[in-house]
Structures are given as structure tokens and as C-alpha cells.
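See structure below.
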Amino acid sequence: MAGLRLAAAAFHLCLLLCPSSSLRRLYDDEAESTPRHGGFRTAYHFQPAKNWQNDPNGPMYHGGKYHFFYQYNPHGATWGTGNLSWGHSVSADLVSWTALHTALDPDSPFDANGCWSGSATILPDGRPAVLYTGIDAAGNQVQNVAFPKNASDPLLREWVKPGYNPVIPLPGDVEHDSFRDPSTAWRGRDGLWRVAVAAKLDASVGSTLIYRSKDFLRWERNAAPLYESPAAGMVECPDLFPVAEPGHQNGLDYAPSNGAARHVLKLSVMATLQDYYVVGWYDDAADTFAPAAGADNDSRTWRRLDYGHVYASKSFFDARKNRRVLWGWANESDPEADYVARGWSGVQTVPRKVWLDRDGKQLLQWPIEEIETLRKKRVQLLGTKVNAGGVNEIIGVAGSQADVEVVFEIPALEGAENLEPNGLLDPQKLCGEKGASVPGGVGPFGLLVLASGDLHEHTSVFFRVFKHDGKYKVLMCADLTRSTTRVDVYKPPYGGFVDMDIQKTRSISLRTLIDHSVVESFGGGGRTCITARTYPMHVEMSNSHLYMFNNGTGSVKVSKLEAWELATATVNVAHDG
Ligand SMILES: *[C@@H]1O[C@H](CO)[C@@H](O)[C@H](O)[C@H]1NC(C)=O
Ligand SMILES: *[C@@H]1O[C@H](CO)[C@@H](O)[C@H](O)[C@H]1NC(C)=O
Ligand SMILES: *[C@@H]1O[C@H](CO)[C@@H](O)[C@H](O)[C@H]1NC(C)=O
Ligand SMILES: *[C@@H]1O[C@H](CO)[C@@H](O)[C@H](O)[C@H]1NC(C)=O
Ligand SMILES: *[C@@H]1O[C@H](CO)[C@@H](O)[C@H](O)[C@H]1NC(C)=O
């Protein structure tokens, strides 16, 4: 208090006389006494009111409400000692959220050192259950179950952990700190429950184990793992889910299958801190999963769920809208001291609807339609052009909180650059070598977002078409290298190829959600997603701008551009007390 008043008085004295560095200092002092959210707090991404969050946990639709849980440190903005709780929020629409008390806290012998990640399962009688990893008093990882104290409470406020936990103790052949993240459970044709748990076996093999149960209490390990990827090492947060026929957008809940159901297996690989998925076949008799023909067993070679900054994703079946919805954690990229000063760390991606593309090989991901309820001011451009070397500003929407959809038409592909023989191997590296400022043939063209008026700071999200082996390849990049003048934040170029036939479509779409420190982009209708965290400095002094640009040799047609300013969602501002 005293400090605040002093600072305010000093500020008046200083106004005309002080060098800018002491003004800066004053600002910092104020920041210390009043937790300042600054320009980086998001407006419509999921965040708790304060403190640290990481993995999404146990998302579910139950009794007309969505429940979302998350790894949460109630004591501060760092992961801390890792003795985490489960944060808990409820929503009617996946956009506005009300914060409840923590659902699980590390206060039992079987989770004394942390209630780690897990998933929710709706039991046949409609009662939800969660399976989660406890770090027990001895520091071992074990799997526990918890139930709502009162299943009729519409908010499921209190959760109880039966004394018979852990339901799955640490097996003898699994390393004590590498046994975690139970998936949503499902039932097979034999009526038995199954759950997948990630485990590193003593022989150092990263594995996903299957446990079976008659009653959800006594679980027995299946001799065969669901899946093993020895080269990839320890994996986390396995997510196995059925998908409808290629091109069908409806989601599927788990159902006893005929042994030939197309599934997606998503694994989070510790060694790279990236999420990968593959489409394949789940055999519900053997409880094994085989990637579709042509896919390698090493999960690091699978498709990336997001080519940016997303980890530990988890999906659930949304019975309200008959779709599968996925969340992922995007951590901070600035120094710990900065987010400690801000008082919070970590955001969730916007909930994404996911379904199988017509090609049967890749997922399409798209922000759930409810996000569109936040759209207010709109600007639209039809049939414009961005000339070679051009930069066109999109005027009329606030550039820090926006949703932009654009369709680029490519009149001619002939000018595309040649891709070197090994150019497909490392798209991120390619985005580094061929950034927005490196003129190309067809592209680079795309958006400049969170840009200062002088373009000194900007994040570029763009495409570049290459010729390769008689075909055309589309590279998508989100380049952070010029996103901020700060040098102490992680600001790489991110990149992935877009698996599409550009020769046939002659056009490519881009949707980018901008939310202060988040730039979440969906290329080619959601085939390639890139989520980035950015910390531009200009936002302290001025507005952010939005541009289209083209640094290719030919002009690019913009058949349609729509940009909306987005309203601020009510996310965990109120506590239900
Ligand atoms: C849990 O975290 C709190 C706050 O960081 C710390 O004081 C406490 O010692 C931790 N407990 C354990 C068991 O690590
Ligand atoms: C359970 O919740 C319902 C609905 O809120 C309430 O009517 C009932 O009294 C609660 N039961 C107990 C034992 O608290
Ligand atoms: C993948 O692993 C399975 C099971 O170990 C094996 O049968 C199969 O041959 C492997 N496939 C490839 C492409 O290595
Ligand atoms: C978190 O961010 C840092 C950059 O600051 C990055 O190097 C790291 O891999 C990220 N961790 C996860 C789990 O995404
Ligand atoms: C386009 O290329 C020119 C020349 O390299 C560069 O000066 C300009 O900054 C580039 N535009 C963008 C948006 O990077």
C-alpha cells in the first residue's frame, strides 16, 4: 500500500523531468504491488483467474454442462514442486466458464505428492468417474479413481477419493516415475472396461499399457501393450478414440466394435515435447493398435497435432453436439520471472472439433462453432488482390482480439520454387531459411498479426508453394522471429506442410485466432495447425495492426477475407464461493 502511494507521488514529480528509464522503473514497481495482467492475458482462451496450469484433464459433457479440469498449482504461477491439484470449471457452451473449487488436491497417501493428469468416463448409470495419476507418499506413480460426492449436484463440486486407492499400483517392471495419464475408459464387446496408461518399462521402452476391469475397481494388465514405440522413449497422455468414416464430421463415443474400427492414437512424446497422432486400427479382442499401412512405428514420425507450441492434448466425445472436441496446453515462452510477476502461466487452445479428412489419413481441426458467438465488428473484402511485394492493412477491427478467415487463390503455380530433395524432412527449418522476408515464387503470402504500426514487430503466418518431384507442396509457417523486440523469449519460426492437392484446388484457406499472446492458426481447412505464444512490446503503448502480405513474384487473389473483432469471454472471473 505505502509503496503504491509513494510510487504515485513520485510519478507526478517525475512526469516532466525524469528520464524514461525511471518511468519504466515506476511501472515495474506498480506491477509488483498490483498484479497487473498486462497486455498478454488472453480474452477468450481458457485460463484460471491466476496461477499455473498445464495439461487439460477429464473434459466431459454431463447433465447439460461441460466440465473442464486442468493441472493446477493453487500456490503460484510455477509448476512448483509438482504437487498439483485438479482445477475445475463448468460451462454451458465451452466459451464462458465459471471457476469452482479444486476437484482433487494432493491430500491422501496415494496422491500426497500430486494429483496428476487423467480422464473422465461416464459410467452406464450416468455417474461420472475420473481416473488420474497420483504421486504417492513414496514418490511412486499410481492410478487412482475418484467420484462426485453427490452425483445429483449439477456442478459436481465435490469429489471423493475412495480409501481403496490406488486401483492400479506401480507394476514391478515399470520405472517408478514413468507410469501415468490414464485415458478415458471404454468397454469392449466382452463387457470389460479398458483404460490406456503410459509407462516406461525397465528396459526403457516407451509403452502404452491396457488395463481391463469388470467393476472399474479391480484392474488387470493385458500382457500385450496397446502400442509400443521403442525409439520414441517415454510418452505421456495417450488418447485413443474412434473416428467416423473419412469426411464425416460427427464424432463417435467409444462403443464395442467389431474389431475393425478406425481409431486415432495420439501420444505426447517427452523427448520432443510434441503431440503426434496416427490413424490406424484398434483390435478390441487383442487390445492392440496398429497404425494404418505405410505409417512407421516411431511416433515421432507421425503427423503433428499442432506444429507450434501445444502439448498434452486430450479429447472427449461431446454428446450435446455429437462431435469430438480436443484441447491442448500452450505454455509460456517468456522467462519464469516474467510470468511469476504476471501471476499466471499457461493457456489452453480454443476447444477444437476434430474429425477425419476425406483422405482417411489426417485429422481436420476447427475451432468449435461457439467461438463465433464472440464475433462482433466485422470487416469483409471480396475479390481483392495482394500484389507482389505488397502489404495491405486490414482496417476496422482491433488487432489484439480477432478472428480472421481468408481464402487465397493462386492464379499460376508455375513460378513455384524448387524444393531440394531432402526439403520435406524439416519444415520448421525450412520456415527459418525461407521466412516472410525471403522473396519466393508462389508465396510467401499470408497475414501479419499483432503488428506494430511501423511493422517493426509482427508475427507472420503464411504459405509458400514448392515444386517437388513433379508435384506441388504447400509449406505453412508461423514465424515469431520478429514478433517482439525482446530477446529473452523463445520466438522460433514454426512450420509444417499442408497435405492437400493445391494443383486441384488452386486455393488455400487460413484462419487465425489472435488473442493478445496467442496466435492460433488453421491452414488448409484445419489440416495443419500452428499455435504460437508471442510477447510483443508495442502493446504497452499502442494498438496492434493486422495486414495481408505477399512476397512472391506473382500477385495473389484474395477471393474472400473476413475479420471479426472478438468480444471478451467470461472465463473464470467469478468464483462460485
Ligand atoms: C507443495 O507445494 C507447496 C507450495 O509450493 C509447498 O509448500 C509444499 O512443501 C509442497 N508439498 C510437497 C509434499 O511437496
Ligand atoms: C445432492 O444434490 C442435490 C441437488 O443439488 C440436492 O438436492 C441434495 O440435497 C444433495 N444431496 C446431499 C446428500 O447433499
Ligand atoms: C511395427 O511393430 C509391429 C509390432 O511390433 C511389427 O509387427 C511391425 O512389423 C512394425 N512395423 C514396422 C513398419 O516397423
Ligand atoms: C514451454 O516453452 C518453452 C519455451 O519457453 C519450450 O522450450 C518448451 O518446450 C515448452 N514446454 C512444453 C511442454 O511445451
Ligand atoms: C518482403 O521482402 C522484402 C525484401 O526482402 C522485405 O523487405 C519485406 O520486409 C518483406 N515483407 C515481409 C512481410 O516480411
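First listed ligand is number 1; within each ligand, the first listed atom is number 1.
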> In terms of the angle between their ring planes, are H545 and Y547 parallel, tilted or perpendicular, with boundaries placed at 30° and 60°?
Replying inline: parallel
> Got a salt bridge between R180 and D55, using NZ or NE/NH1/NH2 to carboxylate O under 4.0 Å?
Replying inline: no
> Do any N or O atoms from the side chain of N392 and from the backbone of M548 form a donor-acceptor pair under 3.5 angstrom?
Replying inline: no
> Given Q401 and H516, is the side chain to side chain donor-acceptor pair (under 3.5 Å) satisfied, shown in steps?
Replying inline: CA-CA 6 Å; Q401 226 171 286; H516 299 272; 2.8 Å; yes
> Do T121 and T184 meet the criterion of a side-chain donor-acceptor pair at a distance under 3.5 Å?
Replying inline: no
> Does V391 come within less than 4.0 Å of ligand 5, judged by its heavy atoms?
Replying inline: no
> L448 heavy atoms, cut-off 4.0 Å: which ligand 5 atoms fall inside?
Replying inline: 13 (C)
> Using the ring of each side chain (for Trp, its six-membered ring), is Y72 parallel, tilted or perpendicular to Y70, with breaks at 30° and 60°?
Replying inline: perpendicular
>> Using a 4.0 Å cutoff against the non-hydrogen atoms of F549, which atoms of ligand 5 qualify?
In response: 13 (C)
> Got the residues with a heavy atom under 4.0 Å of ligand 4, by chain and number?
Replying inline: L273, H309, Y311, W329, N331, E332, S333, Y490
> Would you say P154 touches ligand 2, if touching means a heavy atom closer than 4.0 Å?
Replying inline: yes
> By number and element, which atoms of ligand 2 are closer than 4.0 Å to a non-hydrogen atom of D153?
Replying inline: 2 (O)
> Does the pair D181/K314 count as a salt bridge with the N-to-O cut at 4.0 Å?
Replying inline: no
> Of Y132, F69, F147, which meets ring-ring contact (aromatic ring centres under 6.0 Å, His included) against W159?
Replying inline: F69
> Which atoms from ligand 2 have a heavy atom of N150 less than 4.0 Å away?
Replying inline: 1 (C), 2 (O), 3 (C), 8 (C), 10 (C), 11 (N), 12 (C), 14 (O)
> Should the ring pair F46 and W327 be called parallel, tilted or perpendicular, given that the plane angle runs from 0 to 90° and is split at 30 and 60?
Replying inline: perpendicular
> Just distances here: any N/O of S437 and N/O of ligand 5 closer than 3.5 Å?
Replying inline: yes
